[in-house]
Amino acid sequence: MRLKLLLPVVVPTKFESPKKCVRAGCPGMRFIPRQAVGKKIVDAQYPEVTAWRYECVKCGCTFRVYPAGVSKKQVSKRVNGMAVMLYLLGLSYGAVEIVLGSLGIGIGKTSVYRAVQSAAEKVPGMRREKLMDGYKTKAVGADVTSIRCNGEWIPIGIAVDATNGLVLSIDRLPGEDAEQLKAWLEPILDAVDADVLVTDDADGFKIVSDETGRSQQVCKSHVGRNTDALVDELSAILCSGQDHSLDAIEVTPEQALADLATLKSLIHSRRPKDQPQLEHMYLRYANARKPGKGQKHDLAYRLRNLFMDRWNLWPRLTFYRTWKDDYGYLILDGTNNDCERSIGWWVKERYRSMRGYKREQSALAVCRLTAYAGNNLSRGLKLATLIA
Ligand SMILES: [Zn+2]
């Protein structure tokens, strides 16, 4: 996990003049400073600042104006920012209280908790109802993971901009079937106007891609790994000579071994034009019979399924090879690595996941807050924008 966080500052001499009256419905626009009042604060540098009491010319009500970095609360924005920063770095709420306390800054762990939650609530965008205002991208990467919360595993969906890795949304999912994935993803795809969905090779995502009319890139690393493992396993069974199911479809073990070797090589070269070759191999096994109910799938039937699946998958596996920008460069790299990296950095963030997030809402909020900090890695996240 990498973070770049900019702390709010306290500037006792910097005031913004009031612009509207605090009384609801009062149209007052002019205010007279009446009195300077001392205010004790919890801060790393200033034990006390001066606030100004203003009076509304229109209605006569009075209110206070505080210097930059101070609100009506006792704790300065800088200290709230420090609390959020330490928490994001992996300390528990109680540990943040201890660290700040040892520096002479008195803030209870309940206040630390509130500072973190309130900062998390202000994270813009990361809710599907209101995705980053007007943000557009051509491709969305999606993945599902889970976090442990109150002793229960909760599925979490994460959606990223697949062209640059920015996190778009982190949401609790009711489940991982195709309908539930679609209910989660379709509004996101619509909001950012994406044409392409990037995922691992789970079937649910293929259905989402088909039903929402989006092209799909299935992660080449996932497919490569899964295919290699299957090819090795099936080749070993062939070499052992114990399965004779190929006899029925008149395919020799030598032929099957050669086909598997070809598949392994094609799956790593991933040329769009090789799809007919996969179809050709599939047809050799197409007549393998499905074993009866409760019977184990024999070698011939497993070969049939493997070749059929990879033949059908081909356009989704090689999509990135055919999708280029105006200069002829590939837009995607063919993997779903952005999603996996985001899950590793922002959701499975190692310190807290071991202890288990306590409350579901707060767990999600913290994931979103860390991801948002990640989105702002290059310029640094100004915590002042999230601290009340
Ligand atoms: Zn007024």
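Not measured: the values here are computed from a predicted model. Along the sequence shown, residues are numbered consecutively beginning with 1. Start at 1 and go down the list; that is how both ligands and their atoms are numbered.
Checked against Arg316 for a salt bridge (Lys or Arg N to Asp or Glu O under 4.0 Å), the options Asp200, Asp309, Asp203, Asp210 give a single hit: Asp210. Applying the side-chain contact (heavy atoms from CB on, under 4.5 Å) test between Cys367 and each of Ile170, Asp171, Thr145 identifies Ile170 as the sole match.
A salt bridge is defined here as a Lys NZ or Arg NE, NH1 or NH2 lying under 4.0 Å from an Asp or Glu carboxylate O, and Arg214 with Asp190 meets this definition.
Only protein N, O or S atoms were considered, and those under 2.8 Å from the Zn ion (ligand 1) are Cys21 SG, Cys26 SG, Cys56 SG, Cys59 SG.
Taking the six-membered ring wherever Trp is involved, the centroid distance between the rings of Trp323 and Phe319 falls below 6.0 Å.
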Give the intermediate values and the outcome of salt bridge (Lys or Arg N to Asp or Glu O under 4.0 Å) for residues Lys138 and Asp193. CA-CA 7 Å; Lys138 293 171 174 174; Asp193 208 12; over 6 Å; no
Stepwise, does the side chain to side chain contact (heavy atoms under 4.5 Å, CB included) test hold for Thr212 with Leu185? CA-CA 9 Å; Thr212 62; Leu185 265 176; over 6 Å; no
